[in-house]
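As structure tokens, the structure follows; a few thoughts come after it.
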Amino acid sequence: MNYWLVKSEPSVYSWTQLEEDGNVVWDGVRNFSARNHLRAMKKGDRVLFYHSNEGMAVMGVAIVSSEAYQDPTDDSSTWSSVDLIPETRFNTPVLLKMIKTDSLLSQMQFVKQSRLSVSAVTSKEFDLICELGNSSS
DNA sequence: GCCAACGTTGGC
DNA sequence: GCCAACGTTGGC
């Protein structure tokens with residue numbers, strides 16, 4: 001299994017919205033590196049769901065429920081989408097501030113490439129984020 | 001195929 | 001609201 005992180009501005013699409021919807025078509029990605037990550041996703045892969053701009057924290061874990069297919073919002077056959085479903089809501093969102101102070105987590109791809117909207121996560125990083133997110137503060 | 005200009009993202 | 005980072009575009 002592989003691990004990923006997607007970013008979303010909560011004013012555009014939030015974790016709470018994902019929980020209400022039960023699933024989401026992750027469309028609108030218009031960056032080649034991010035698209036390639038979408039295409040590498042397998043059903044069952046875990047995806048950290050990060051709030052950018054407001055909140056700036058990993059909110060929980062989603063699951064890839066459908067592998068990459070033609071982005072329905074794209075006419076040019078260039079871009080791809082996947083489907084995500086919510087799995088676990090962290091009881092303690094893992095703040096970017098905290099991630100940046102950790103020697104392991106501060107090396108995460110999404111920290112180093114802050115504009116990449118879909119990034120890869122190692123299993124170590126994933127486990128530690130989950131540990132922090134599931135611990136009661 | 002290079003690179004300057006431009007637009008967008010996202011943290012602060 | 002500012003600005004740094006960086007991906008994309010387009011002229012040459």
Side-chain angles (χ1 to χ4, degrees):
Chain A
M1 181 190 309
N2 287 308
Y3 303 94
W4 312 94
L5 179 143
V6 298
K7 292 196 287 197
S8 185
E9 295 187 44
S11 60
V12 177
Y13 194 85
S14 67
W15 171 262
T16 301
Q17 191 66 51
L18 176 59
E19 285 186 331
E20 286 171 10
D21 293 345
N23 75 292
V24 65
V25 176
W26 206 251
D27 59 22
V29 170
R30 292 295 183 270
N31 169 285
F32 287 103
S33 310
R35 183 203 69 181
N36 292 342
H37 284 139
L38 289 178
R39 289 185 177 178
M41 289 182 183
K42 298 293 179 196
K43 199 171 176 177
D45 280 359
R46 293 322 198 253
V47 180
L48 298 171
F49 193 100
Y50 175 78
H51 278 179
S52 61
N53 287 313
E54 295 168 58
M56 291 186 290
V58 180
M59 303 304 292
V61 178
I63 302 180
V64 176
S65 61
S66 171
E67 293 177 15
Y69 53 90
Q70 167 67 29
D71 184 331
T73 67
D74 169 42
D75 295 330
S76 70
S77 302
T78 305
W79 305 108
S80 300
S81 293
V82 298
D83 292 352
L84 301 176
I85 57 176
E87 183 192 37
T88 308
R89 181 192 195 103
F90 290 155
N91 52 44
T92 309
V94 183
L95 299 170
L96 179 63
K97 198 168 53 177
M98 192 185 309
I99 289 169
K100 285 192 158 179
T101 62
D102 183 272
S103 60
L104 177 71
L105 298 181
S106 59
Q107 301 306 306
M108 290 178 76
Q109 186 178 30
F110 95 98
V111 176
K112 300 211 281 186
Q113 284 175 254
S114 65
R115 291 184 49 202
L116 188 58
S117 61
V118 183
S119 61
V121 175
T122 68
S123 58
K124 270 190 180 177
E125 293 163 351
F126 182 83
D127 289 347
L128 183 49
I129 292 277
C130 287
E131 199 177 303
L132 295 170
N134 290 318
S135 69
S136 48
S137 49

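Letters A, B, ... are given to chains in the order of the sequence lines, protein chains preceding strands, and every chain is numbered from 1. All values reported here derive from a predicted model rather than from experimental measurement.
With sequence neighbours left out, the side chain to side chain donor-acceptor pair (under 3.5 Å) criterion links Glu19(A) to Trp15(A), Arg89(A). Here Tyr13(A) pairs with Asp21(A) under the side chain to side chain donor-acceptor pair (under 3.5 Å) rule; sequence neighbours left out. Under the side-chain contact (heavy atoms from CB on, under 4.5 Å) criterion, Arg39(A) pairs with Arg35(A), Ala68(A), Ser80(A), not counting sequence neighbours. The side chain to side chain donor-acceptor pair (under 3.5 Å) test applied to Ser123(A) returns no partner, not counting sequence neighbours. Shown here are the side chain to side chain donor-acceptor pair (under 3.5 Å) partners of Glu67(A), two or more places apart in sequence or in another chain: there are none. Taking Tyr69(A) as the reference, nothing meets the ring-ring contact (aromatic ring centres under 6.0 Å, His included) condition, with sequence neighbours excluded. The side-chain contact (heavy atoms from CB on, under 4.5 Å) search around Thr73(A) returns Asp27(A), Arg30(A), Asp71(A), not counting sequence neighbours.
Contacts with DNA chain C (heavy atom under 4.0 Å) in residues 30-37 of chain A: Asn31(A), Phe32(A), listed by number.
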Self-check item: Bracket string, DNA chain B, 5' to 3' - pairs by Watson-Crick or G-U geometry under 3.5 Å, | interstrand
Solution: ||||||||||||
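Lys7(A) places no side-chain N or O within 3.5 Å of a backbone atom of Phe49(A) that could act as its donor or acceptor partner.
Here chain A contacts DNA chain B (any atom closer than 4.0 Å to a heavy atom, that is under 4.0 Å), and the contacts span dG7(B) to dC12(B) from 5' to 3'.
Residue Phe110(A) is out of contact with every strand shown, counting any heavy-atom pair closer than 4.0 Å. Lys100(A) comes within 4.0 angstrom of sugar-phosphate atoms only, judged by non-hydrogen atoms across all strands, and of no base.
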Per-pair distances, 0.1 Å, donor-acceptor, side chain in residues 115-122 of chain A, under 3.5 Å, sequence neighbours excluded:
| residue | atom | partner | partner atom | Å |
| --- | --- | --- | --- | --- |
| Thr122(A) | OG1 | Glu125(A) | N | 3.1 |
| Thr122(A) | OG1 | Glu125(A) | OE1 | 3.4 |

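Legend: side-chain hydrogen bond (donor to acceptor under 3.5 Å, both in side chains) pairs involving residues 44-61 of chain A, not counting sequence neighbours, sorted by first then second residue: Trp4(A)-Asp45(A), Glu9(A)-Asn53(A), Arg46(A)-Glu87(A).
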